[in-house]
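Take a look at the structure set out below.
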Amino acid sequence: MTFHRLAAGGLIDRNKPLSFSFDGKTLTGYEGDSLASALLGNGQVLAGRSFKYHRPRGILTAGAAEPNALMTIGRAGRTEPNTRATMQELYEGLEAKSQNRWPSLDVDIGAVNGLLAPFLGAGFYYKTFMWPAVLWERLYEPFIRRAAGLGRATYDADPDTYDKCWAHCDLLIVGAGGTGLAAALTAGRAGARVIILDEHARAGGGLLCERATIGGWSAASFVSNCLAELASLPNVEVLTRTTAFGWYDGNVFGAVERVQKHVHEPDPSRPVERLWRIIAKQALLASGAEEQPLIFGGNDVPGVMMASAMRSYLNRYGVAPGSNVAIFTTNDSGYSLAGDLEDAGVTIAAIIDSRKDGPTAAYCGNARVVQGGVVSNAHGRKSLSSITVLKDGRSEDLRVNSLAMSGGFSPVIHLACHRGGKPMWSDTHAAFLAPQDLNGLALAGAANAVHGIQACLDAGAKAATDLIARLGIAAKQASFGVVEGDIIVRPARPLWKIPGVKGKAFIDFQNDVHRDDLNLALREGYGHIEHAKRYTTNGMATDQGKLSNVNAIGLVAEASGVSPADVGTTTFRPFYTPVSFGSLTGPSHGKHFQPVRKSPLHDWAKRNGAVLVESGLWYRSAWFPRPGEKDWRESVDREVKNVRINAGLCDVSTLGKIEVTGVDAAEFFNRIYCNSFLKLPVGKARYGLMLREDGHIYDDGTTSRLGESRYFMTTTTAMAAGVMNHLEFCAQTLWPELDVRLASVTDQWAQMTIAGPKARTILQTILDEDISNEAFPYLAAKEISLCGGQLQGRLFRISFSGELAYELAVPAGYGGSVADALMQAGKAHGIQPYGVEALSVLRIEKGHVTHNEINGTVVPADLGIARMVSANKADFIGKKMLLREGLDDPDRLLLVGVMPLRSTDSFRSGAHILAKDATATLENDEGHVTSTCYSPHIGSTIGLALVKRGAYRHGEDILVWNGIRDEYTPGRLCDPVFFDSANTKLHG
Amino acid sequence: MRYSALSVFLNGLRGNKDWKPAWRQPDPKPHYDVILVGGGGHGLATAYYLAKEHGITDVAVLEKSYIGSGNVGRNTTIIRSNYLLSGNNPFYELSMKLWEGLEQDFNFNAMVSQRGVLNLYHSDGQRDAYTRRGNAMRLYGVDAELLDSAAVRRMLPFLDFDNARFPIQGGLLQRRGGTVRHDAVGWGYARGADRRGVDIIQNCEVTGIRQKDGQVAGVETTRGFIACNKLALAAAGNSSRVAEMAGIRLPIESHVLQAFVSEGLKPFIDGVVTFGAGHFYISQSDKGGLVFGGDIDGYNSYAQRGNLTTVEHVAEAGKAMIPGLSRVRVLRSWGGIMDMSMDGSPIIDRTGLENLYLNAGWCYGGFKATPASGFCFAHLIARGVPHRTAAAFRLDRFARGYLLDEKGQGAQPNLH
Amino acid sequence: MVDFRLSPQAALEGKRPVVRNSFILEALPEGHVVQVLANPCDGNICAFIASLANGAQFAVRAAAPGQWFIVGDNALSHAQMQALCASIPSHADAIDQSHGRVRISARGSAVRRVLAKGTAVDLSPDAFAVGHATTTLITHVAAHVSRTGENAFEIMVLRGFAESLWDDLDHMSRDCV
Amino acid sequence: MASIVPCPHCGSRPREEFTVKGAALPRPAPEAGKDAWLAYVYLRDNPRGSHREYWHHTSGCRRWLVVTRDTATHEITACSDVADTSGVKP
């Protein structure tokens, strides 16, 4: 008889049966079950297949370290591969499937790998599959990739939602076992802000599997009492189903709460998982200890289980491990299991104790005890049939249907090592302990190698008192009365190399790393524990070595005749247990991946039929199609022509706008721009060119002087944020002596360009002041009253298009209304809205540059505006580094215009420029096209380009080479100004 | 012993008892012709090519920890040669060509796997930039294809095409790009160099550089003084620290870059894909783990660990690109220390000291560069002149204004 | 000259208040927001601000060293605005941000829990008392947060982000049922 | 403690509210020589250990701060306003 549910006992509710399915088979468990306990309760011992040899595997643990019982649960967008059956709560309708087997868990073809094992030793793949080279991608690798991997993930979108939150506390307690609860009560009663979390569905940790009594209460009732009191304390928050996965700088802990992973149909108003970012003044790690396996032949046969897990299934879930059980232990914990089994009526074939002098704990059971013996081999394929016990060289076979093993306990110290501290080996405890003096984090209880309920309760209470005392909070240590039936587990003597092993003795169960693999790695010089890990993949499975690292270190140490201290550990890194993308992402995905920034003219643009396009976080109007227009080009051509003939209105609200005040503002601009600003008169605007300290162009824009010490500056849309940071750096850090103040007013103003021959006429109709050419000439700027004093705005006579043009800024809320007024006023004059596509055509025709040209590698001379760089200013950002030979090398790429030889030809941005008849080689590469458009004005495609000595090659025929699109266009270099180079129109 | 299917078979029959160490564990000799500081990918590759290409075998590689303990031991395994600037592009293509013959060359299967690298673009501006880059590659004979949205969708239907904040417009594809089993690169070069007589000395930290008459005489180490004719530094991540021993101040900051691996999955994604609307790139290892990363944390660091904020940003970009990732669990994160140079490009050059050579500033592009870096550094050390493909990686380019700034970010390392 | 009637449109026009169990989200009237900028070490400005804050006429929110926001539900006419600016001591400036910033009221017993999903600022009363204000990230959007009551906060955000932040806060409070 | 930066004006804030510029170096005088400027713009001590650097509280008070941080442990030992206005509260 194998694993089965007992008629009574455990913390499950037998009145609440839950039906679930495993590989399509319908089974029944109870509320309070884990998927693992429910499977065992149904006698389902075979739970999975191993990674490499596809060996049958059973449930090994009852917790987070489970390497074998990984299953795929859920379906469609809720499919979750590699779910640990030991951590998954059972719920009505749960669907679980086994993984990495074909055709079925019972009959898995992949198991033939077991026969090939001699040739599949550690790192065998580094030594073969090399000939012929081409077969790697074609044959070997696809096969390996198909064979590898565990579960299958879905491509479907996740129907559920995820949250994130921040939390602050005086004391964070990780682990709600006896230690943690004692700490929480101590700190909570003292009024400290406490958060205590536990990865399991139920708080209590090991106490939930204990049969001892505390202050007269059963361990389970004791836990309930603690939780009841904690719930009554407003300053304490208890989080179950919550795993602290990482310890980060600043004492920030990352934790994930599985809010609705235990229900069939999640409530849509709540997340399925919540990411916690907990900022803790102090933290206590009460995460317990992990029992370690023993490395004997066939230690992976289903039916072999960790002793503490067997005890947990028995006491917490009322599941007995068959009728005839053996226990193989190196320490006293095996005996507490023995007592519980016997009380549950399970026959114990033998307790095999590797110590000659055990047991010391109060064991009054009547099971046969083999002292100084070992289990050298376990037998059976899909379930355990017998074990070989070896003592004093004599071996004996025992028929058993399950075997509990305990190689001692290793404190769970992962989090304590996430910030660079190295674990230290302790010979006394035969375990790795957390580094000392962790700033802001302490360990207590089993996580600190303390054993026994009483000792852990005391340790937790004391630790809490000490930690909050550092915060100036005085606490009285909680005490809980006498503990009856406490079993103090003396540290185990390490038992690494077990004699008489015949079959494979597994170290890393999931990755199928066995003892011979480790020996081979050592033989081949991969002796450093990091090399051994990487060569054999030991510790790289989903349990991250929770059950395999210490044994591997021990075996390496024994083989090299040194102490585990000398071998050291591999690095503990986040995450303690795997964390889903969903929880790390929270709500920021899909359309909400990034916030949306809307122009004050957004709705106006939509009302006018704009096609909107992402531009950074903004949406901008690309063009305004009209009925009957067959493509975007037709709309854009119309908009461009209309600006040149009548007038157009374009939303430029996304430009960065900065108000600069202070008596030294002029001097400030003089230093941040490379051109001169000291003499800019009030009421005037000026184009400004901003360099980086390395001499290259950073950004450009216009700055207008609105008052003696009040300026209005614009930046490009793309650089707005960066420029503001830069200016603040200059003002606060470089020149604090300057009286200058900066305010971002980008969002305060709706700003629109009105461009075209009829712009003035149209504008004048809504402005209260004269804007004739005399009264308001090119580059004039002023505050102005609109519509009979209804509104104050700002008017700038600036032209990006080369036309008579103005930029009008009005308070953002009025943007739509003013734009409507202008459209109405301009109706008779043929005004039309135009978008960024037309804007781009107009500026290319005029030869104006944008960040297509200002790409971070150009200097003013490259764009033909070296004259703007002031020669007589003592200082400005970028002045000194601009004077490097490389920055005026005659071979630099210079701005130039490009046209196709045949007006019917076109070319695109990103094409390169080759000399006519030159062969297409990198040596012959002479530059590239930065901007292109179809120019209605010219009647063909035109472009701007950065070309070697381009400025001096106007009229030269070249080839526009776009090999990646297989387009080769004969063209000619020309003046980059295609339109009104005399600037008559913008002055008109 | 030579590795082959046959040797694996025969040794298997003999219970794998006869395999020999992949490299010796020699004690340092008092003097070497060339000492390489840094037993990472670049140092080991340099030693290998010094021996193989130039017959210089009196070489020691000094490693303060275990070989491959730097970035060759913790990266996202990507190889590509999709560079823009003429100073970079031929070098990385040389590297790609070396990758393509590497395993047969050093008789170690590093699983060089050319399953393609696809860079997504989401705007006209990005498309134009990739067009320019793709053309630069084509001009040098490097394979490059520009895909439109439909083509990308045919290739990777599971990307977010229908609900994206920044819709995918297309991508730049280099089919010859791919991944390599990173540790194996270090081991393969180590074994290859060792078999040619190079001494690989682990747990030997360089603590000082002894100079005599304006020359390097040798190095002080935790295992004593070792003299040499030429000293070559390949300690990326710690270049500034090592160079300081020779009194040299570098245009480099050390930054931490995080990377991640998911639980093992059945084949999910074939090649390498990079997101264009956020910092995220992903591939899948042959073992089944999704290997991915994002941007550097953004501040100087020598701690090989990162910040939770960056982890979240990476995950957000990942799910934005592939909604199906939502329920995939991330197994492990780690951090590597990057030599972030002031223009985003590396340095392979001589220094103020006649017999001191420098290999540094790899930013986060060092892994793919390993073969060419070793090849060109060996060339410089052996011949005294730069290899033609690495001629632009000069140390004085910052003073002279001949920068190699692929991103156009200027002297701001955390933006490269 | 044609007679045009100009009328403002609120950034959150059409966003009905979100009223949930223990949480209410409401757009505040687009009244006035005046950003005061001064040298952080300027003593008279602090006195001036104090005087403003005492008077019932204006609400004053601290923003940064030497920076404050003067806010209110009533829109100021150009003349009123000029008068206010004129009253500011020299070496300080007032910048009209009435249209550049949008104010949202978030209140209810769950308000701290909702906001904690977005900001890392500790909003517990002892750490963030009534009257306290600061600028912080709420998820991916920077916003200025003032505590106006035990369970009441005023959130001020750049106009362009107002709708986005509103939708985030709405989503963040969906579990207040 | 690069996850949490103690802004002298706003209190402890997470890294994402800040923009990091890098080493807090004094800008040379305009008349300083080529080498001084090259060193300022391009050369770095890049120490392993205590490092003074400029951080900007971009999503907070928008002040530039000088953060003294250990590059090996990430521990912040000092954080003050560039104008050392830490004593002045608005």
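Worth saying up front: this structure is predicted, and the values here are computed from it rather than measured. By convention in this document, chain letters (A, B, ...) are assigned in the order of the sequence lines, proteins followed by strands, and residues within each chain are numbered from 1.
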State whether a side-chain donor-acceptor pair under 3.5 Å links A:D889 with B:Y402.
yes
Write down the atom of A:E141, the atom of B:R115, and the distance for their closest heavy-atom approach.
OE2-NH1, 3.1 Å
Hey, can you tell me if A:Y126 and B:F108 have their rings parallel, tilted or perpendicular (30° and 60° cut-offs)?
parallel
Identify which part of A:P595 has an atom lying under 4.5 Å from any heavy atom of chain B, answering side chain, backbone, both or neither.
backbone
Highest number of heavy-atom pairs under 4.5 Å with chain B among A:Y162, A:F124, A:F245 belongs to A:Y162
In terms of heavy-atom proximity below 4.5 Å to chain B, should A:E885 be classed as side chain, backbone, both, or neither?
both
Segment of B:V261 engaging chain A (4.5 angstrom heavy-atom cut-off):
neither
Under 4.5 Å from a heavy atom of chain A, the part of B:Q409 involved
backbone
Atom NZ in B:K20, atom CZ in A:R523: separation rounded to 0.5 Å?
9.0 Å
Heavy-atom distances under 4.5 Å only: say whether B:A110 touches chain A with side chain, backbone, both or neither.
neither
Which bit of A:Y535 is near chain B, if near means a heavy-atom gap under 4.5 Å: side chain, backbone, both or neither?
both
Answer with side chain, backbone, both or neither: which region of A:Y526 has an atom nearer than 4.5 Å to a non-hydrogen atom of chain B?
side chain
Note, B:V330 side chain near A:F581 side chain (heavy atom, < 4.5 Å):
yes
Against chain A, label B:L290 side chain, backbone, both or neither, depending on which of its atoms sit under 4.5 Å from a heavy atom there.
neither
Chain A contact via B:S262 - side chain, backbone, both or neither, heavy atoms under 4.5 Å
neither
Looking at CG of B:D128 and OG1 of A:T930, how far apart are the two atoms once the value is rounded to the nearest 0.5 Å?
9.5 Å
Look at the side chain of B:R165 and the backbone N and O of A:F593, then say whether any donor-acceptor pair between them is shorter than 3.5 Å.
no
The interface call for A:K261 against chain B, heavy-atom contacts under 4.5 Å, is side chain
Honestly, the part of B:Q304 sitting under 4.5 Å from a heavy atom of chain A is both
Residue part contacting chain B, namely of A:L914, when any heavy atom lies under 4.5 Å:
side chain
What distance separates B:M111 CE from A:M130 CE, expressed to the nearest 0.5 Å?
10.0 Å
So which part of A:Y248 gets closer than 4.5 Å to some heavy atom of chain B, the side chain, the backbone, both or neither?
side chain
Relative to the ring of A:F119, is the ring of B:F9 parallel (under 30°), tilted (30 to 60°) or perpendicular (over 60°)?
parallel
Using non-hydrogen atoms only, which part of A:A541 is less than 4.5 Å away from chain B: side chain, backbone, both, or neither?
backbone
So which part of B:L102 gets closer than 4.5 Å to some heavy atom of chain A, the side chain, the backbone, both or neither?
neither
Is the shortest side-chain heavy-atom distance between B:K266 and A:N100 below 4.5 Å?
yes
Any side-chain heavy-atom pair from B:R400 and A:R884 closer than 4.5 angstrom?
no
Let's test your reading of the structure: which of A:D925, A:V596, A:V613 forms the most heavy-atom pairs below 4.5 Å with chain B?
A:V596
Side chains of B:N109 and A:Y140: does their closest heavy-atom pair fall under 4.5 Å?
no
Given that the side chain runs from C-beta out, which part of A:Y576 has a heavy atom under 4.5 Å from chain B: side chain, backbone, both or neither?
neither
B:L403 side chain near A:T857 side chain, heavy-atom distance below 4.5 Å
no
Can you tell me how far CD of A:E137 sits from OG of B:S113, rounded to the nearest 0.5 angstrom?
5.0 Å
Just by distance, with hydrogens left out, do A:Y125 and B:R181 show a side-chain donor and acceptor under 3.5 Å apart?
no
Using heavy-atom distances under 4.5 Å, tell me whether A:L275 contacts chain B through its side chain, its backbone, both, or neither.
side chain
Taking side chain as everything from C-beta outward and backbone as N, CA, C, O, which of these in B:A144 sits under 4.5 Å from a heavy atom of chain A? Side chain, backbone, both or neither.
both
Segment of A:L520 engaging chain B (4.5 angstrom heavy-atom cut-off):
side chain
Can you give each donor-acceptor pair under 3.5 Å made by side-chain atoms of residues 146-155 of chain A, sequence neighbours left out, with the distance rounded to 0.1 Å?
unit_1 : atom_1 : unit_2 : atom_2 : d
A:T154 : OG1    : A:D156 : N      : 2.9
A:Y155 : OH     : B:F268 : O      : 2.4

Rounded to the nearest 0.5 Å, the CG atom of A:L584 sits from the NZ atom of B:K319 at a distance of 10.5 Å
Applying a strict 4.5 Å limit to non-hydrogen atoms, the region of B:D160 in contact with chain A is side chain
Euclidean distance, A:H531 NE2 relative to B:D183 CG, rounded to 0.5 Å
7.5 Å
Give, as side chain, backbone, both or neither, the part of A:H418 having an atom under 4.5 angstrom from any heavy atom of chain B.
backbone
Check whether A:L617 gets within reach of chain B through its side chain, its backbone, both or neither, counting any heavy atom under 4.5 Å.
both
Using non-hydrogen atoms only, which part of B:S123 is less than 4.5 Å away from chain A: side chain, backbone, both, or neither?
neither
Does any heavy atom of chain A fall under 4.5 Å from the side chain of B:E145, the backbone, both, or neither of them?
backbone
Does the side chain of B:R329 pick up a donor-acceptor pair with the side chain of A:T83 at under 3.5 Å?
yes
A:R78 portion near chain B, given a 4.5 angstrom heavy-atom threshold
both
Under a 3.5 Å threshold, yes or no: a donor from one side chain and an acceptor from the other, between B:N307 and A:D249?
no
Can you tell which part of B:N107 gets under 4.5 Å to a heavy atom of chain A, answering side chain, backbone, both or neither?
both
Please flag which part of B:R2 lies under 4.5 Å from any non-hydrogen atom of chain A: side chain, backbone, both or neither.
side chain
Identify which part of B:Q284 has an atom lying under 4.5 Å from any heavy atom of chain A, answering side chain, backbone, both or neither.
both
